[in-house]
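Shown next, in structure tokens, is the structure this report addresses.
Just so you know, ligand 1 is whichever comes first in the structure, and atom 1 is the first atom listed for that ligand. Heavy atoms only: backbone and side chains are in, while hydrogens, waters and symmetry mates are out. Note that the numbering runs from 1 along the sequence shown for the chain.
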Amino acid sequence: MGRYDEVYQAAQADPEAFWAAAAEDIDWVTRWDRVLDDSDPPYYRWFAGGELNTCYNAVDRHVKNGRGAQAAIIYDSPVTDTVRTITYTELQDQVARFAGALAARGVGKGDRVIVYMPMVPEAAVAMLACARLGAVHSVVFGGFAANELATRIDDATPKAIVSASCGIEVAKVIAYKPLLDAAIDMAAHKPDFCLILQRPQVAADLVDGRDENWDDVMTAAEPHGPVPVAATDPLYILYTSGTTGQPKGIVRDNGGHAVALKWTMKNIYNIDPGEVYWSASDVGWVVGHSYIVYAPLLHGATTLFYEGKPVGTPDPGAFWRVISQHKAVSLFTAPTAFRAIRQQDPEGEHIGKYDLSHFRALFLAGERCDPDTLTWAEEKLGVPVIDHWWQTETGWAIASNCLGIELLPVRAGSPTRPTPGWDLRVLDAEGHEVPAGTIGALAGKLPMPPGTFPTLWNAKERYFHSYLANYPGYYETGDAGIIDEDGYIHVMARTDDIINVAGHRLSTGAMEEVLAAHPDVAECAVIGVADTLKGQLPVGFVVLKAGAGDGAVTQEVVQMVRDRIGPVAAFKSAAVVQRLPKTRSGKILRATMRKIADGEEFKPPATIDDPAILDEIKETLAGIGYPKAG
Ligand code: COA
Ligand code: AMP
């Protein structure tokens with residue numbers, strides 16, 4: 001038996017012993033009563049009765065243990081031409097003072113704080129300061145529109161919002177404050193106060209009596225110590241796309257999260273404390289929460305905050321420049337970033353310009369990794385390229401080649417095997433396991449390991465119905481796939497209407513809600529079509545109400561999605577059709593439309609109402625350039 005099998009079996013045979021051993025790497029205020037509280041299935045809690053502080057574990061204890069002078073965060077921002085290092089001692093000071101500022105304004109244990117910030121280290125300071133107080137942060141990605149922010153404000157009902165005057169997208173400066181003000185106007189709930197980081201590129205107007213300047217607040221603040229919280233108390237809420245316009249508030253607890261993430265740093269990523277680790281994502285996504293902020297800091301590593309893109313800041317050598325300049329030993333990003341680099345530098349000429357001798361591995365996740373991209377990265381970088389599969393819900397990888405345990409043979413198209421703690425099965429519609437190599441719903445046997453989501457914010461029923469109801473005893477991942485004869489997992493597609501656009505998770509259902517709100521639209525459908533750069537792109541179809549002229553409806557719905565969901569949706573194509581293809585019971589045949597758009601073989605379902613509509617759809621798609629050549 002190989003080392004991976006041994007560790008995996010140990011976690012299966014005695015999960016409590018396995019995770020209790022991992023929990024020894026965390027400093028506890030009070031040890032847990034039970035490693036796994038299984039008294040209320042299908043709801044499980046890890047480390048019940050335990051008390052700790054996540055911020056203490058991520059910051060203070062490293063200062064106490066002699067890492068004070070080590071870099072905790074390296075901020076590298078080609079868009080502002082800045083490189084800045086923050087040591088663990090400096091981070092402790094900033095976080096303690098920001099926590100003091102929040103506390104002085106009434107934020108305490110259990111209160112929510114929304115963080116709406118670009119990729120600046122102050123975002124981590126705000127998150128950690130909340131954790132220090134036992135307040136619950138909810139970071140909202142900067143590429144979302146005011147309307148999405150308003151939805152989150154109403155759901156999380158934050159006491160405070162922390163934001164910045166702007167974000168910078170390559171050459172564009174995006175003013176955040178007008179979006180924040182608009183969101184607060186739209187929301188029924190109003191925060192007590194907002195703290196705004198003024199960046200030199202844009203000065204935000206501050207609202208009297210509500211908004212304060214970050215710098216002023218920090219200068220006057222008294223440091224606040226870490227507050228012990230229950231292991232089962234929420235650390236954060238992170239909203240992610242569900243099947244409707246109402247996003248799901250994924251809840252992460254303190255204890256299981258700290259234990260699991262600390263464990264993954266060595267076992268999955270093979271990183272040692274003191275090393276520089278880089279996750280090129282954004283704090284607004286789960287990858288940013290887990291692998292820009294919490295895991296590297298819990299581990300005493302140095303994390304990189306990169307405010308830039310893989311290309312255009314200034315060229316496709318940006319990633320190699322950062323790795324080489326800061327001696328990063330590992331990079332984690334989405335395959336789309338590599339497709340963007342490869343498109344501009346197919347021969348990888350920029351790679352040769354930098355010393356990458358210390359670089360050990362590339363990790364990819366966020367969307368299916370096409371074998372071409374994986375092979376290209378392997379060839380050009382000469383290090384293992386690890387595709388791993390996870391979700392906002394799970395907080396860390398469900399399946400991965402665990403580099404710190406044993407490098408298993410890499411197979412392009414597969415994120416390898418389940419990580420220890422995950423008992424993964426493929427189920428048919430009736431919930432029966434299917435034979436190896438057969439496609440079905442990927443589901444994890446309950447309980448899920450620590451660090452996964454114990455519930456949805458204010459929505460326990462939705463948690464049950466969305467994830468636990470269809471397959472009793474299992475967590476339904478929402479992904480379909482196969483497990484082959486060797487236990488390798490292949491994640492093939494979502495079973496719901498979620499699409500992945502440049503590694504960003506979006507709901508076509510939410511986009512349909514926006515299209516349907518146009519006064520001239522009678523019916524609509526949005527599908528995700530294949531895209532060589534972004535993986536998938538949304539395309540919309542609208543049927544107009546009787547008497548409505550074509551006018552500018554398609555441009556208008558494109559603008560509406562941008563205004564209501566955000567530029568990150570990359571919704572740029574819509575077409576007017578006379579009818580939508582449906583089954584006799586009225587279900588829109590989105591999967592068939594997608595196959596036509598992607599130029600795949602398809603057979604009209606037997607239940608189709610009128611097969612002739614498919615020809616109209618084909619023609620309409622051809623009119624807007626689908627299927628794409630090649
Ligand atoms: N704040 C404001 N706007 C943002 C934003 C932010 N934080 N992030 C993205 N946007 C905007 C972009 O400016 C763009 O707007 P536009 O339509 O006006 O051009 C739109 O949202 C889409 O952005 P993006 O998805 O980044 O696409 P892109 O075409 O600008 O760049 C890639 C393409 C592949 C280079 C880019 O998507 C990328 O770097 N992806 C990496 C993947 C990643 O980080 N995934 C996270 C999960 S691991
Ligand atoms: P998110 O919650 O934004 O992390 O998106 C999670 C979804 O992205 C998963 O449910 C998958 O559909 C997809 N995904 C993430 N990683 C992978 C991967 N390595 N391979 C295939 N799909 C992936």
Anything under 30° is parallel, anything over 60° is perpendicular, the rest tilted; go ahead and classify Phe332 against His388.
-> tilted
Shortest protein heavy-atom distance from atom 3 (O) of ligand 2, along with the residue and atom involved | Arg505 CB, 3.3 Å
Is there any N or O on Arg494 that sits under 3.5 Å from an N or O of ligand 2?
-> yes
Ranked by distance from atom 46 (C) of ligand 1, the top protein heavy atom is Ser281 OG, 3.5 Å
Short version for Met119: what comes under 4.0 Å of ligand 1, heavy atoms counted, is neither
Does Gly366 reach ligand 2, in the sense of a heavy atom lying below 4.0 Å from it?
-> yes
Answer yes if a protein heavy atom lies under 4.0 Å from atom 22 (C) of ligand 1, otherwise answer no.
-> yes
Note: ligand 1 atoms sitting under 4.0 Å from heavy atoms of Lys572 are 17 (O)
Atoms in ligand 1 flagged as close to His504, the criterion being non-hydrogen separation under 4.0 Å = 25 (O), 45 (N)
For Tyr291, which of Trp396, Phe305, Trp390 qualifies under ring pair (Phe, Tyr, Trp, His ring centres under 6.0 Å)?
-> Trp390
List every atom of ligand 2 that sits less than 4.0 Å from any heavy atom of Arg368, numbering the atoms from 1 in the order shown and giving each element.
-> 20 (N), 21 (C), 22 (N), 23 (C)
Give the intermediate values and the outcome of ring pair (Phe, Tyr, Trp, His ring centres under 6.0 Å) for residues Tyr475 and Phe453.
-> CA-CA 11 Å; Tyr475 161 65; Phe453 69 139; 5.7 Å; yes
Interfacing atoms of ligand 2 (cut-off 4.0 Å, heavy-atom, Val491) = 21 (C), 22 (N)
Close-contact set for ligand 1 against Ile174 heavy atoms, below 4.0 Å = 2 (C), 3 (N)
Approximate separation, where rounding is to 0.5 Å, of Asp387 CG and Glu367 CD | 9.5 Å
Show your working on ring pair (Phe, Tyr, Trp, His ring centres under 6.0 Å) between Phe319 and Trp278 and close with a plain yes or no.
-> CA-CA 10 Å; Phe319 275 15; Trp278 182 22; 4.9 Å; yes
If you measure every N/O of Lys172 against every N/O of ligand 1, is any gap under 3.5 Å?
-> yes
Is any N or O atom of Thr240, backbone or side chain, closer than 3.5 Å to an N or O atom of ligand 2?
-> no
Could you list which atoms of ligand 2 come closer than 4.0 Å to a heavy atom of His388?
-> 16 (N), 18 (C), 19 (N)
For ligand 1, is there an N or O atom under 3.5 Å from any N or O atom of Glu169?
-> yes
Subset of ligand 2 atoms that lie under 4.0 Å from at least one heavy atom of Asp387 = 18 (C), 19 (N)
Please verify whether a non-hydrogen atom of Arg339 lies at under 4.0 Å from ligand 1.
-> no
Give a yes or no on whether Asp484 atom CG has more than 12 heavy-atom contacts from other residues, nucleotides or ligands under 6.0 Å away.
-> yes
Considering only heavy atoms, does Asp479 approach ligand 2 within less than 4.0 Å through its side chain, its backbone, both, or neither?
-> side chain
Contact (N/O only, under 3.5 Å) between Arg562 and ligand 1 = yes
Heavy-atom proximity to atom 7 (N) of ligand 1, best of Phe141, Phe332, Phe144 | Phe141
Verdict with reasoning, Tyr306 to Thr313, per side-chain hydrogen bond (donor to acceptor under 3.5 Å, both in side chains) = CA-CA 11 Å; Tyr306 175 68; Thr313 57; 3.1 Å; yes
Within 4.0 Å of some non-hydrogen atom of Val287, the atoms of ligand 1 are 48 (S)
Provide the number and element of each atom of ligand 1 under 4.0 Å from a heavy atom of Trp285.
-> 46 (C)
Hey, which atoms in ligand 1 end up nearer than 4.0 Å to a heavy atom of Lys309?
-> 24 (P), 26 (O), 30 (O)
Out of Ala337, Gly143, Pro310, whose heavy atom is nearest to atom 39 (O) of ligand 1?
-> Pro310
Report the part of Gln343 (side chain from C-beta onward, or backbone N, CA, C, O) that has a heavy atom under 4.0 Å from ligand 1; answer both or neither where that applies.
-> neither
From the options Ala280, Ala145, Ala334, select the one whose nearest heavy atom is closest to atom 44 (O) of ligand 1.
-> Ala280
So for Trp390 against ligand 1, with non-hydrogen atoms under 4.0 Å, the contacting part is neither
Answer yes or no for Arg152 and Phe144: cation-pi contact, defined as NZ/CZ to six-membered ring centre under 6.0 Å and angle to ring axis within 45°.
-> yes
Residue Tyr176 vicinity, atoms of ligand 1 by number, heavy atom under 4.0 Å = 1 (N), 7 (N)
Considering only protein heavy atoms, which is closest to atom 1 (P) of ligand 2, and at what distance to one decimal place?
-> Thr392 OG1, 3.4 Å
Proximity winner for atom 43 (C) of ligand 1, if only heavy atoms of Ala502, Gly308, Ala570, Gly142 are counted = Ala502
Expected output: side-chain Gln536 to main-chain Asn500 donor-acceptor under 3.5 Å | yes
Mind checking whether Asn500 contacts ligand 2 via backbone (N, CA, C, O), side chain (CB onward), both or neither, at a 4.0 Å heavy-atom cut-off?
-> side chain
Nearest protein heavy atom with distance in Å, relative to atom 18 (C) of ligand 2 = Glu367 O, 3.3 Å
Atom indices of ligand 1, in the order listed, that fall short of 4.0 Å to a heavy atom of Gly503 = 47 (C)
Here the atoms of ligand 2 under 4.0 Å from any heavy atom belonging to Trp390 are 4 (O), 6 (C), 9 (C), 15 (C), 16 (N)
Evaluation steps, ring pair (Phe, Tyr, Trp, His ring centres under 6.0 Å), between His299 and Tyr269 | CA-CA 11 Å; His299 198 50; Tyr269 299 97; 10.0 Å; no
